[in-house]
Amino acid sequence: MTKPVRTRFAPSPTGYMHIGGMRTALFNWLFARHHAGEFVLRIDDTDRARNMDEALEPILQSFRWLGLNWDEGPEIGGSVGPYFQSERDEYYTQACNTLLQQGKAFYDFTPPEQTKIERETAEKEKRNYLNNRNDQNLSEQEIRSRIERGEKYVIRFLVPRESERKIVIDDAVRGRVEFDPSQMPDPVIMRADGTPLYNFACVIDDAEMRISHVIRAEEHLSNTPVQAMLYEALGYDRPVFAHIPYVAAPGTKEKLSKRKLEKYRKSPQFKKLFEAADFIFPLLGLENRGGLDPVMVEYYEQIGYLPEAVLNALARLGWSLDDQTEIMSLDTIVKNFSLNRVVKSPAGFDPEKLLSFQAHWMAEVPAEEKRKRCRDYLKRAGMDNSKTEDERLELVIQAVGDRLVLFSDILKFQEFFTEDDQIEYEAKAFKKRIVKPENAVELLVKLADDLEQASVQSSGEFDRVVHEFVEQQEIQIGQIIHALRVAITGKAAGVGLFDAMAILGKESCVARIRRAIQQGKSEQGGQEIRQNG
RNA sequence: GGCCCCAUCGUCUAGUCUGGCCUAGGACACCGGAUUUUCAGUCCGAUAACGGGGGUUCAAAUCCCCCUGGGGUCACCA
């Protein structure tokens, strides 16, 4: 009988969920779900964070947002808990004592400074570092008396160096990987204060929690031989290891890292994400949140991505279904996921591709949901007024159409939700379309009069009135339409002009045109004065 | 530096295990054209890759060797 599939993800409570970490978590989750197994969330908090809730909540929230549920872990518990490493001391102590008794681990009183010197010397001499084993054969009595004297010590696992045997890892992604134990230092497994080190705690937890497949990023590959030896020493069965490639920064092969944020700011692929953040987050009052950047999952949630899009993009980062399929729902991915089809080389995270997935999934969102989410952004930006009522909002969303890629994009169309005298003109567009052309202001004056007289309501009616005006004035439509757009929306580009006019209504249009005329005249006047002076 | 991993269009990838159907497929981006009052979109089209060198073979992106390049990791971090 094969063991039931159980996978895990073990984040440290750092207060943020790394997008690359999320990808690792996703693969674990997918593998478990595909095999109808279980997915465990375990918290690696051997560092003992002080504000656990604060540090953990954003991580759990990212899982919730993406819909990656866990079967055991924080908030829900489970039968092989506790799920916080800080509460599992007894397991580690016990395992450590077993190793000590069996002579598979030893007390090491070597002061850390000396270890450091030895390591540096080895490096200087360009040879592999191996720790000294001076304390390996200390008698029980001597150990006791040195401890009583207050000497500091650590406990090291005794690597079986003398055997000729190689440590072989049959990795589910990378195939057979060999390591030579005779090259490996004895790892510290317990600090003097009795707290375990990651490599040790991890083995015990994975074994005790009956994890069948350890799917993790490839930077752990070099930890694996040590862990494999620990499994054996402790009499546990090894899980299947699968080392998936790490997620690289856009356009590079370097691991995506939060510490390199400033560098990313300048990268062309990341630039748009930062710019979007700079525009949107201040409107939402989030500018002081500090760490809300594109390396975190929370960024994508806050700026209005769809879980479907992020999931789709993450799944395609290092995994493919076949030679064609790009767009996949979570169901499809679960149905088809396998470790065989995980690539070995690191995959650069591509924000452009994510955006294209987003555009696709956005098109599938029902109108009502779109309205709800957009209104939420308007509300958070303080634009909760009579103009954001369902009816108008629906019209705007329809007119905006595909231009709404992120929910927060609605904030780029503020002109529909602000008062007529609050419109901000894009300086460049205003100059080019209204101030500079000789007769633009004059035409706008006449058009405003015409509009005022006319009975117009629908987009088609506005279209008709403007076209009649064009004929009457014997001009090209291009001569008025750009000025008109800027006058009404303040912008050079946007939704269909007649749609915009219909949404705003005749009164608003006329008011806005008149205001632009005034502004235009004053800017022209200013120019003349300057020219004359 | 030691150990380990990786290597196909600008990017994500298919193809590699099981050599021939690969004059290397798809997607994103980019470029061009059409549609359009702008922008976006949509449709059509174009450009674009097996890191290099040796083998093995009738045949190599695919197997072997070497080189080069990139990366990960070397803690009383996780």
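Quick note on labels: first sequence line is chain A, next is B, and so on, each numbered from 1. Keep in mind that the numbers below use all heavy atoms, side chains included, and drop hydrogens, waters and symmetry copies.
You'll find a donor-acceptor pair under 3.5 Å spanning the side chain of A:R403 and the base of B:C39, going by distance alone. A donor-acceptor contact under 3.5 Å is not formed by the side chain of A:E218 with the base of B:G72.
Side-chain contact check for A:R485 and A:T489: no donor-acceptor pair (N or O, by modelled atom type) lies under 3.5 Å.
Residue A:N223 is in base contact, counting any heavy-atom pair closer than 4.0 Å across all strands shown. Nucleic acid contact class of A:G318 (heavy atoms, under 4.0 Å, all strands): sugar-phosphate only. Using a 4.0 Å heavy-atom cutoff across all strands shown, A:E178 reaches sugar-phosphate atoms only and no base atom. If you check every strand for non-hydrogen atoms under 4.0 Å, A:I480 touches nothing. As judged by a 4.0 angstrom heavy-atom cut-off over every strand, A:S182 is placed among residues making no nucleic acid contact. A:Y246 comes within 4.0 angstrom of the backbone, heavy atoms only, and of no base. Note on A:Y129: nothing from the nucleic acid sits closer than 4.0 angstrom, heavy atoms only. Nucleic acid contact for A:D323: base, since at least one base atom lies under 4.0 Å from a heavy atom of the residue. Among the heavy atoms of the strands lying under 4.0 Å from A:V154 is at least one base atom, whether or not backbone atoms are also near. When heavy atoms are screened at a 4.0 angstrom cut-off, A:R174 is found touching the sugar-phosphate backbone but no base atom. Using a 4.0 Å heavy-atom distance criterion, A:G348 is classed as a sugar-phosphate-only contact. Within the 4.0 angstrom heavy-atom criterion, no nucleotide atom of any strand lies near A:Q269. Nucleic acid contact class of A:I477 (heavy atoms, under 4.0 Å, all strands): none. No engagement by A:V400 is indicated, since no non-hydrogen atom pair under 4.0 Å with the nucleic acid exists.
Using a 4.0 Å cut-off between charged nitrogen and carboxylate oxygen, A:E118 and A:K116 do not count as a salt-bridge pair. A salt bridge does not link A:E415 with A:R512: every distance from a Lys NZ or Arg NE/NH1/NH2 to an Asp or Glu carboxylate oxygen is 4.0 Å or more. Using a cutoff of 4.0 Å between basic side-chain nitrogens and carboxylate oxygens, A:E254 and A:K263 are scored as salt-bridged.
Closest to the A:L197 side chain, of the nucleotides B:A7, B:A78, B:U38, is B:A78. Checked against B:A78, B:C4, B:U73, the side chain of A:L221 finds its nearest nucleotide in B:C4. Distances from the side chain of A:K353 to the nucleotides B:C76, B:G26, B:A78 place B:G26 closest. Closest to the side chain of A:R119, from the set B:C74, B:C4, B:A78, is B:C74. When the nucleotides B:U38, B:G26, B:C6 are ranked by their closest atom to the side chain of A:R316, B:G26 comes out on top. Listed candidates were B:C12, B:U38, B:G15. Nearest to the side chain of A:R341 is B:G15. Residue A:D350 has its side chain nearest to B:C28 when only B:A78, B:C28, B:U38 are considered. Residue A:R485 places its side chain closer to B:U38 than to any other of B:A78, B:U38, B:A27. Of the candidate nucleotides B:A29, B:C4, B:U13, B:A29 has the atom lying nearest to any side-chain atom of A:E352.
Checked against a 6.0 Å centroid threshold, the rings of A:F27 and A:W319 do not count as neighbours. Taking the six-membered ring for Trp and the full ring otherwise, A:Y305 and A:F407 have centroids separated by 6.0 Å or more. Outside the 6.0 Å centre-distance limit, the rings of A:H467 and A:F462 are not counted as a close aromatic pair.
Spacing between atom CE of A:M190 and atom P of B:C76 amounts to 15 Å, rounded to whole angstrom units. Look at CZ on A:R433: it is 12 Å from C1' on B:C39, rounded to the nearest Å.
When both pairing distances are held under 3.5 Å, B:G41 makes a Watson-Crick or G-U pair with B:U35. Nucleotide B:C30 is matched to nothing when pairs are restricted to Watson-Crick or G-U wobble geometry with both distances under 3.5 angstrom. Base pairing of B:U23 is not made with any nucleotide, judged by Watson-Crick or G-U wobble geometry with both donor-acceptor distances under 3.5 Å. Of the nucleotides present, none pairs with B:U47 by Watson-Crick or G-U wobble criteria with both distances under 3.5 Å. The pairing partner recorded for B:A14 is none, the criterion being a Watson-Crick or G-U wobble arrangement whose two distances lie under 3.5 angstrom. Searching all strands for a Watson-Crick or G-U wobble partner of B:U73 with both distances below 3.5 Å returns B:G2.
Put simply, A:H243 does not rest on the base of B:G72: the two rings are not both less than 5.5 Å apart at their centres and under 30° in tilt.
A residue-by-residue look at A:A347 and A:Y153 shows that A:A347 has its nearest nucleotide of RNA chain B further toward the 5' end. When each of A:L317 and A:K344 is assigned the nucleotide of RNA chain B bearing its nearest heavy atom, the one mapping closer to the 5' terminus is A:K344.
At the phosphate of B:C12, OP1 or OP2 sits under 4.0 Å from a side-chain N or O atom of A:K253. Between A:S222 and B:G72 there is no side-chain polar atom (N or O) within less than 4.0 angstrom of OP1 or OP2.
Of the C1' atoms belonging to B:C77 and B:A29, the separation is 38 Å, rounded to the nearest Å. Nucleotides B:A61 and B:C22, compared at atom P, are 13 Å apart to the nearest Å.
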